[in-house]
Amino acid sequence: MILLTGASGFVGRAVWALLEKRGPVVRAALRDTDAAGLPAGVDVVQVSLSPNQDWIGALKGVSVVIHCAARVHVMNDESVDPLAEFRMVNVDGTLRLAKQAAEAGVRRFIFLSSIKVNGEHTPAGQPFMPDQLPAPADPYGVSKYEAERGLHELAYRTGMEVVIIRPPLVYGPGVKANFLAMMRWLARGIPLPFGAFGNRRSLVGIDNLVDLIVTCIDHSAAANQVFLVSDGEDLSTTELLARMGRALGKPARLISVPQQLLTLGASMLGKAEIAQRLCGSLQVDISKTSELLGWQPTISVDEGLRRTAEHWLANEGMRK
């Protein structure tokens with residue numbers, strides 16, 4: 001049996017859907033059973049990712065844990081101590097689950113981490129590598145890195161296999177946050193000052209990420225490894241907007257404004273983090289993932305964007 005945490009989240013729902021097709025028995029661990037949106041009759045346990053949670057009942061009969069639940073990164077976090085909040089859930093809560101999983105005889109623990117463990121940006125043509133020295137720069141990234149370290153130590157002490165996956169920006173049907181905002185801008189035909197960007201960013205479609213997660217359930221070479229994942233094609237912000245516009249059937253109205261000017265303006269408005277995401281580069285090297293696991297992205301960027309656009313147009317987009 002597989003225990004899937006965060007089964008009602010963006011990634012968790014997609015993992016659940018693929019596992020349901022392939023046949024493994026899955027138990028969904030959710031903070032709120034009413035929020036799952038999963039089929040009736042699903043084996044659901046209600047838990048919280050807290051340092052005091054008792055996971056013994058949820059882990060009964062489980063051989064693999066896929067841990068997608070987390071306190072996620074948010075812009076303009078208003079917590080008094082964001083790092084403490086992230087640590088309580090992403091570090092202490094994760095390690096509580098992992099320790100009890102090891103005690104229960106779980107064979108493998110798959111942890112959905114973040115590329116933020118590596119850092120926030122890369123020089124052009126110098127992508128992040130999975131085994132380079134981590135350099136997290138914000139509380140979320142720090143918490144994910146500390147959780148990774150704790151899991152490695154636990155694997156060494158107990159023999160439970162740990163697999164760590166660090167995705168960059170994940171998009172797909174039902175995506176929220178900045179990617180959703182981008183689709184709304186394009187659909188409304190709003191002119192955007194991003195027509196001359198030469199940055200390079202790695203993305204990963206939800207279908208590709210989930211395929212890798214499921215590959216890691218049984219692949220012998222995945223044990224105690226760190227993997228980076230992407231669609232295998234890096235895009236500039238300009239290219240992403242243009243191709244997303246085509247997927248929506250709304251050609252992007254892009255105006256060429258110098259990146260330096262945009263970055264300066266955003267910083268003056270207190271939006272430096274958003275400017276970094278729009279203007280900066282963040283590339284990942286997936287050669288280790290491909291070579292060690294024999295894995296390749298199952299769909300292209302354009303196919304991932306098409307599926308994302310179709311879902312949005314069939315739901316929110318038709319109401320605009």
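Small disclaimer: the values here were computed from a predicted structure and weren't measured.
Pro51 is not listed as a side-chain neighbour of Arg96, based on a closest heavy-atom distance of 4.5 Å or more. Contact of the Val65 side chain with the Leu97 side chain is registered, since non-hydrogen atoms from C-beta on lie closer than 4.5 Å. Considering only heavy atoms from C-beta on, Ile66 comes within 4.5 Å of Val15 through its side chain. Using a 4.5 Å cut-off on side-chain heavy atoms (C-beta onward), Arg166 and Asn118 make contact. At least one side-chain heavy atom of Lys288 sits less than 4.5 Å from a side-chain heavy atom of Gln225. You'll find the side chain of Leu19 stays beyond 4.5 Å of the side chain of Val25, heavy atoms only. Counting only heavy atoms from C-beta outward, the side chains of Val229 and Val284 never approach each other to under 4.5 Å. Val44 places none of its side-chain heavy atoms less than 4.5 Å from the side chain of Arg27.
To the nearest 0.5 Å, atom NE2 of residue His219 and atom CZ of residue Phe227 are 8.0 Å apart. Rounded to the nearest 0.5 Å, atoms CD1 (Ile213) and SG (Cys68) are 5.0 Å apart. If you take CG on Leu133 and CG on Asp131, they are separated by 11.5 Å, rounding to the nearest 0.5 Å. For the atom pair Phe86 CZ and Glu146 CD, the distance stands at 12.0 Å (nearest 0.5 Å). Within the model, atoms SG of Cys216 and CZ of Phe109 stand 13.5 Å from one another, a figure rounded to the nearest 0.5 Å. Note that CG of Leu3 and CD1 of Ile110 are 11.5 Å apart. Values are rounded to the nearest 0.5 Å.
Checked against side-chain hydrogen bond (donor to acceptor under 3.5 Å, both in side chains), Ser230 has no partners two or more places apart in sequence or in another chain. Taking the salt bridge (Lys or Arg N to Asp or Glu O under 4.0 Å) definition, one finds that Asp285 meets it with nothing, sequence neighbours left out. By the salt bridge (Lys or Arg N to Asp or Glu O under 4.0 Å) test, Asp207 is found to be paired with Arg307, residues two or more places apart in sequence or in another chain being considered. Residues passing the side-chain contact (heavy atoms from CB on, under 4.5 Å) test with His152, sequence neighbours excluded: Ile164, Val226. By the side-chain contact (heavy atoms from CB on, under 4.5 Å) test, Ala223 is found to be paired with Arg108, Glu161, residues two or more places apart in sequence or in another chain being considered. Taking Ser236 as the reference, Asn199, Arg200, Thr238, Glu239 meet the side-chain contact (heavy atoms from CB on, under 4.5 Å) condition, with sequence neighbours excluded. By the side-chain hydrogen bond (donor to acceptor under 3.5 Å, both in side chains) test, Trp185 is found to be paired with no residue, residues two or more places apart in sequence or in another chain being considered. Remark: Glu310 engages Arg306 in a side-chain contact (heavy atoms from CB on, under 4.5 Å) (not counting sequence neighbours). Scored by the side-chain hydrogen bond (donor to acceptor under 3.5 Å, both in side chains) test, Arg201 finds no partners at all (sequence neighbours excluded).
Shown here for His121 and Phe128, the closest heavy-atom pair between the two residues is O-CZ, 3.4 Å. Pro193 approaches Val257 most closely through the heavy-atom pair CB-CG2, 3.6 Å. Scanning all heavy atoms of the two residues, the minimum distance from Pro167 to Ser113 falls at CD-O, 3.4 Å. Across all non-hydrogen atoms, the minimal contact from Leu305 to Ala247 is O-CB, 3.8 Å. Here the closest heavy-atom approach between residue Leu241 and residue Ala252 is recorded as O-CB, 3.7 Å. Listed here is the closest heavy atom pair of Leu186 and Lys250: O-CB, 3.6 Å.
Hydrophobic clustering (ILVMFWY, side-chain heavy atoms < 4.5 Å, transitive): Phe111 and Val142 are in distinct clusters. Under the 4.5 Å side-chain heavy-atom criterion for ILVMFWY residues, a single connected hydrophobic cluster contains both Leu292 and Leu228. Residue Leu203 is not grouped with residue Val117 when hydrophobic side chains (ILVMFWY) are merged at heavy-atom distances under 4.5 angstrom, including chains of intermediate members. Note on Ile255 and Met182: same hydrophobic cluster, where clusters join Ile, Leu, Val, Met, Phe, Trp and Tyr whose side-chain heavy atoms are under 4.5 Å apart, directly or indirectly. Under the 4.5 Å side-chain heavy-atom criterion for Ile, Leu, Val, Met, Phe, Trp and Tyr, Phe179 and Leu248 are members of the same hydrophobic cluster.
There is a side-chain donor-acceptor pair under 3.5 Å between Thr94 and His67. For Gln283 and Ser202, the side-chain atoms include no donor-acceptor pair closer than 3.5 Å.
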Distance-only criterion, 3.5 Å: show the donor-acceptor pairs between side-chain atoms of residues 168-177 and protein atoms not counting sequence neighbours.
residue: Tyr171; atom: OH; partner: Asp231; partner atom: OD2; Å: 2.7

Would you give me the side-chain donor-acceptor pairs under 3.5 Å for residues 52-61, sequence neighbours excluded?
residue: Gln53; atom: OE1; partner: Ser48; partner atom: N; Å: 3.1
residue: Gln53; atom: OE1; partner: Ser48; partner atom: OG; Å: 3.3
residue: Asp54; atom: OD1; partner: Ile56; partner atom: N; Å: 2.9

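For the pair Arg149 and Tyr145, the cation-pi criterion (under 6.0 Å, within 45° of the ring axis) is fulfilled.
Remark: Lys116 engages Glu120 in a salt bridge, criterion side-chain N to carboxylate O under 4.0 Å. Ion pairing between a basic and an acidic side chain is recognised when a charged N comes within 4.0 Å of a carboxylate O; Arg87 and Asp92 show no such pairing.
The salt bridge (Lys or Arg N to Asp or Glu O under 4.0 Å) analysis of residues 215-227, with sequence neighbours excluded, yields the pairs Arg107-Asp218.
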